[in-house]
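Order of the sequence lines fixes the chain letters, A, B, ..., with proteins taken first and strands second; residue numbering starts at 1 for each chain.
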Number of protein chains: 2
Amino acid sequence: MPYTLLRENIDKHIQFSDAEFETYSSFFYPKTISKKEYLLRQGDICRFEGFVTKGCFRVYTIDNDGNENVLYFAVEDWWVTDIDSFTNQAPALLSIQSLEDSEVLLINKKDKEQLYQQMPKVEKLFRIMTQKTLVSLQRRLIRNHCYTADERYLHFIKTYPKIAQKLTNLQIAAYLGISHEFVSKIRKKIASKK
Amino acid sequence: MPYTLLRENIDKHIQFSDAEFETYSSFFYPKTISKKEYLLRQGDICRFEGFVTKGCFRVYTIDNDGNENVLYFAVEDWWVTDIDSFTNQAPALLSIQSLEDSEVLLINKKDKEQLYQQMPKVEKLFRIMTQKTLVSLQRRLIRNHCYTADERYLHFIKTYPKIAQKLTNLQIAAYLGISHEFVSKIRKKIASKK
DNA sequence: CGCAGTTATTGAACTAGTTCAATGTTTTTA
DNA sequence: TAAAAACATTGAACTAGTTCAATAACTGCG
């Protein structure tokens, strides 16, 4: 089942034969993560790229003032890693923690390099996936500039209703870059409009 | 000279033999853009990826309220495109305008595809470049959340002093996501502290 | 079950940043 | 070189969002 998800993930971006997928998937190994466990801690070196097959993660960083800042939440079919740390084997700026019992498929650095070498098509796959991620991040940056907090909140729960359900106000606030009290106030405002 | 810059650009990311670079660079053609001319207009389809060899561009979007939002400025050694529009040949959300007389090396969609096919190494090159862009955008997103406008302004002029020199307050404001009046006030504050 | 810890709500006081409008400055262009 | 246009500065009034503090509601756990 986890590998079925991995297959479906690829099919969204590129065509792989069964044999190609076989090779590709053989580089990944499953890992079970219990609730609140860390896949990666800020400061450590990120040894993996992970594909989420079950559960939910928050990918975040703590700034100098101790504020938590969520870069994104990852559920089934999302990838989790600190690319910078993984690529350069340098200390991570990001932490990755599960919000519930979860499962991932992991690939480590050496195997990733070997996979690139053995299957050049994987370069294309990750080039395409990274591009798509970049586009959505560009759009989010723009939204952050031109939307109000209310609009950003609404956009988030509309775009990711399933993820939003799993989250506390605190977590949503850390993603939107606002205070959790203000999330409360936004909710109240919305409720009273209906 | 423009092609020397392209060579130096590649050398930062990957190793190319002279022959490989020869092939690679033969896919690009130079274009001269005079001040305030558009390389791409929001709504049009982006037919190129461009490597800036001279001058300066702003890559921006206009939101529903008519506010201009600068995604980034591109000078020598930067790439300009609307990836989403280029990849999917769909209407662009972004406009790309030169701020001064400029020069770019362009590659169009078909040639890019042919290049990928002919030189799989180019997949790796663009995978790596896209990853680096993604990392810097992730960091910018986080900065936008945890820095004040003053801090973001200072970070910007410190990180890109050469670019900042070329820009008006209006343009810097559109990049930082604040009003240009506030940029003025920040400048005054900083000046008075010295 | 009951209690501890975390999360949510609310209000009051505050502040970072906006908006508007007026004035001054620089740049562009005829 | 003058006039027009674009850009920058400044202050006053405003507002979106914060911070703090107090209370209420949930959640998990022994």
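Looking at the side chain of Lys185(A), the nearest of the listed nucleotides dG11(D), dT19(D), dA8(D) is dT19(D). The nucleotide whose nearest atom lies closest to any side-chain atom of His180(B) is, among dG17(D), dT18(C), dT9(D), dT9(D).
Less than 6.0 angstrom separates the ring centroid of Phe73(B) from the ring centroid of Tyr175(B).
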Report task. Evaluate salt bridge (charged side-chain N to carboxylate O under 4.0 Å, His left out) for Asp84(A) paired with Arg139(B), printing each intermediate quantity in order. Result -> CA-CA 11 Å; Asp84(A) 191 42; Arg139(B) 298 205 173 149; 2.5 Å; yes
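In this structure, Lys35(A) reaches the dG28(D) phosphate: one of its side-chain N or O atoms is under 4.0 Å from OP1 or OP2. Contact annotation: Lys188(B) side-chain N/O to dG11(D) OP1/OP2 distance is under 4.0 Å.
Tested against Glu100(B), the residues Lys54(B), Lys36(B), Lys166(B), Arg58(B) include a single salt bridge (charged side-chain N to carboxylate O under 4.0 Å, His left out) partner, Lys166(B).
Within the nucleic acid shown, Thr168(B) comes within 4.0 Å of sugar-phosphate atoms alone, with no base atom in reach, counting heavy atoms only. Nucleic acid contact class of Ser179(B) (heavy atoms, under 4.0 Å, all strands): base.
As rounded to whole Å, 12 Å separates atom C1' of dA22(D) from atom CD of Glu181(A). Rounded to whole Å, atom C1' of dT27(D) lies 14 Å from atom CG of Leu170(A). Nucleotide dG17(D) holds its C1' atom 14 Å from the CZ atom of Phe182(B), rounded to whole Å. Atom NE2 of His145(A) is separated from atom P of dG17(C) by 12 Å (rounded to the nearest Å). One atom, CG of Asn67(A), and another, C1' of dT19(D), lie 12 Å apart when rounded to the nearest Å. Rounded to a whole Å, the CD1 atom of Ile172(B) is 10 Å from the P atom of dT9(D). Atom OH of Tyr153(A) and atom P of dG17(D) are 15 Å apart (whole Å). Whole-Å rounding puts the Lys36(B) NZ to dT29(C) P distance at 7 Å.
For the pair Arg127(B) and Glu123(B), the salt-bridge criterion is not met [side-chain N within less than 4.0 Å of a carboxylate O].
Considering every non-hydrogen atom in both Leu5(B) and Thr53(B), the closest pair reads CD1-O, 3.4 Å.
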